[in-house]
Visitor: 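I am attaching a structure below and will ask some questions about it afterwards.
Every value quoted in this text rests on a predicted model; they were computed, and no experiment measured them. In listed order, ligands and their atoms are each counted from 1.
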Amino acid sequence: MKKELTAKELKSKFLEFFRERGHAIIPSAPLIPEHDPTTLFISAGMHPLKPFLLGQPHPQGKRLADVQRCLRTGDIEDVGDDTHLTFFEMIGNWSLGDYFKKEAITWSYEFLTKVLGYDPGKIHVTVFAGDKDAPRDDEAANTWLSLGIPKSRIYFLPKEDNWWHSGETGPCGPDTEIFIDSGKPKCGKDCRPGCGCGKYFEIWNNVFMEYNRTKDGKYEKLAQKNVDTGMGVERTIATINGKKSVYDTELFIPLIKLVKESAKKHDEKSIRIIVDHIRAATFILGDERGVAPSNVDQGYVLRRLIRRAIRHARLLGIEKGLLKKLAIEVIKMYSDDYPILARKQGFVLQELEREENKFLNTLDRGLRMFEKLSRNKKELSGKDAFLLYQSYGFPIEMTVELASEKGLKVDVSGFNEEYRKHQELSRASAQKKFVGGLADTSEASIKLHTATHLLNEALRRVVSKDIKQRGSNITPERLRFDFNFHRKLTKEELKKVEDLVNEQIKKGLPVRREVMTFEQAKALGAQAEFEAKYGDKVSVYFIGDFSKEICAGPHVKNTKELGTFKIIKEESVAAGVRRIRAVLL
Ligand code: SER
């Protein structure tokens with residue numbers, strides 16, 4: 001029997017192929033983004049690279065390749081079918097204003113057919129059909145033709161299918177998607193790549209990012225033409241090894257085995273949901289910027305994943321203890337590639353156990369309440385769903401699922417309405433948070449970003465030289481900065497910090513960027529993010545000789561652009577972690 005290609009082999013073959021073609025290999029950014037209030041998780045390889053797609057120079061050059069951890073919860077309802085996962089790894093190659101369509105497509109084809117050995121006869125591609133904003137992508141189509149893909153396997157599709165948007169605004173462009181024909185019969189006469197019936201497996205997307213979508217929905221040409229490609233590791237492993245589903249691959253078999261060993265019943269979908277969700281939860285907890293389950297933001301997504309997995313485990317007759325076993329297996333599989341997982345194993349297991357105990361305490365009572373609420377009804381109201389959420393911690397999709405098992409509907413928008421009423425505006429609807437988006441690079445945010453560096457250094461000078469950044473989140477209105485410290489700051493300390501920052505602003509310090517190795521940056525005493533993994537080369541931003549910090553940018557040119565810095569709040573967010581909110585007036 002032919003030896004199967006493993007995920008590790010796929011990743012290293014890919015990186016090697018692009019290294020040979022002049023690409024620098026960069027590490028995966030953490031799953032939880034920095035400075036980005038518009039998205040909770042990195043959901044595509046391009047997210048952490050957005051500043052560079054917009055024109056910031058990357059310290060490693062113009063050709064990059066990476067394996068990026070990604071999480072998508074938008075399709076959470078589809079998890080359990082053959083292809084959808086919440087957590088996945090995406091491998092990609094990048095051109096930042098360097099090569100474009102011809103090279104990108106040719107290399108994709110070469111990698112698939114020559115390195116991975118895909119049968120060229122099974123490759124189908126889609127190409128952008130053109131509309132009022134951008135012309136039909138003949139260049140891409142002609143490149144495919146020149147490689148031997150016949151017209152009959154090139155499909156021209158509209159924006160909905162063949163345009164990659166990274167968020168409402170920002171870098172975007174037409175793409176060409178590569179599908180493998182599984183050999184299944186067509187589902188109908190209109191069956192084509194992207195129809196979702198399972199005949200065509202999408203494995204790789206090449207995006208030609210040469211546009212920027214503005215706030216008013218216009219498409220402007222970017223200063224540089226970029227290539228962003230993304231190949232899903234799990235899907236590729238499945239197709240190359242002739243598997244029907246991602247769950248039939250080496251990445252899931254050991255996890256599924258663990259579930260089956262403790263299950264009293266068998267249900268394929270429940271098994272898949274459990275392994276997918278706990279795998280994702282392990283990566284969120286074990287991230288460099290990992291969080292614990294909570295009722296807001298990333299912590300809430302994490303809670304939903306864990307609780308949904310627990311409920312499905314119960315459906316299979318599993319009592320307790322499975323979650324930890326699964327997490328240990330996931331950590332074992334991935335800790336070579338992500339050593340942070342092994343370092344955080346204690347935290348991962350502790351939080352899974354804590355969440356399981358918390359949820360099991362209320363699950364039975366909640367289920368009884370659900371029975372009561374759903375008696376003699378066709379539709380659960382938003383208020384009912386909210387009661388189940390608030391009093392028993394039932395994530396909305398769990399209520400929807402319970403209801404559909406009984407043939408009932410749930411008023412989800414009514415639930416969202418209730419939820420909104422109970423949350424701060426900025427934490428509005430949980431649904432909205434699941435949509436991908438990107439760091440905003442407005443002038444106001446850029447200023448606050450530079451102010452964040454000043455604040456970081458001022459805290460170290462005024463309060464304690466041991467202070468390190470633990471998190472940062474910037475919107476055009478305010479900055480939010482988390483750092484390690486064991487007590488509340490005094491009024492005097494806060495005033496001194498504020499004054500020191502304002503002094504630097506008044507001095508009109510120039511902001512300058514230098515590229516160097518991580519070791520050189522460390523030797524210079526540049527601030528780095530706790531636990532973060534950096535590439536061979538890093539950008540260091542210097543603000544006069546007041547502050548130096550490893551950072552991707554962007555920043556203002558001179559501190560005098562900032563105005564007046566004001567701290568509006570200082571509070572505790574977790575044991576040993578403080579948070580400052582500040583504004584520029
Ligand atoms: N950004 C594109 C995607 O996520 C290609 O990497 O599919």
Visitor: Under a 4.0 Å heavy-atom cut-off, what residues line ligand 1?
Guide: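 Those residues closer than 4.0 Å to ligand 1 by some heavy atom are A44, M46, R72, M90, W164, N205, V207, D228, T229, G230.
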Visitor: Scan residues 116-142 for pairs that pass ring pair (Phe, Tyr, Trp, His ring centres under 6.0 Å), counting only residues two or more places apart or in two chains.
Guide: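 As it turns out, the ring pair (Phe, Tyr, Trp, His ring centres under 6.0 Å) pairs with a partner in residues 116-142, which skip direct neighbours, are H124-Y155, H124-Y200, F128-W163.
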Visitor: State which residues pass side-chain hydrogen bond (donor to acceptor under 3.5 Å, both in side chains) with S539; sequence neighbours excluded, sorted by chain then number.
Guide: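 With sequence neighbours excluded, S539 shows a side-chain hydrogen bond (donor to acceptor under 3.5 Å, both in side chains) to R513, given in chain and number order.
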Visitor: Which residue is it: F88, Y338, Y334, F41? I am looking for the one with a side-chain contact (heavy atoms from CB on, under 4.5 Å) to R69.
Guide: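 Output: one option passes, namely Y338.
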Visitor: Using only heavy-atom distances, determine whether the side chains of D276 and T86 contain a donor-acceptor pair under 3.5 Å.
Guide: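 Yes - a donor-acceptor pair under 3.5 Å links their side chains.
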Visitor: Please name all residues satisfying salt bridge (Lys or Arg N to Asp or Glu O under 4.0 Å) with R272, sequence neighbours left out, ordered by chain then number.
Guide: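 So R272 forms a salt bridge (Lys or Arg N to Asp or Glu O under 4.0 Å) with D82, E268.
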Visitor: Is it true that the side chains of E549 and H555 contain a donor and an acceptor less than 3.5 Å apart?
Guide: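 Checked: E549/H555 side chains show no N/O donor-acceptor pair below 3.5 Å.
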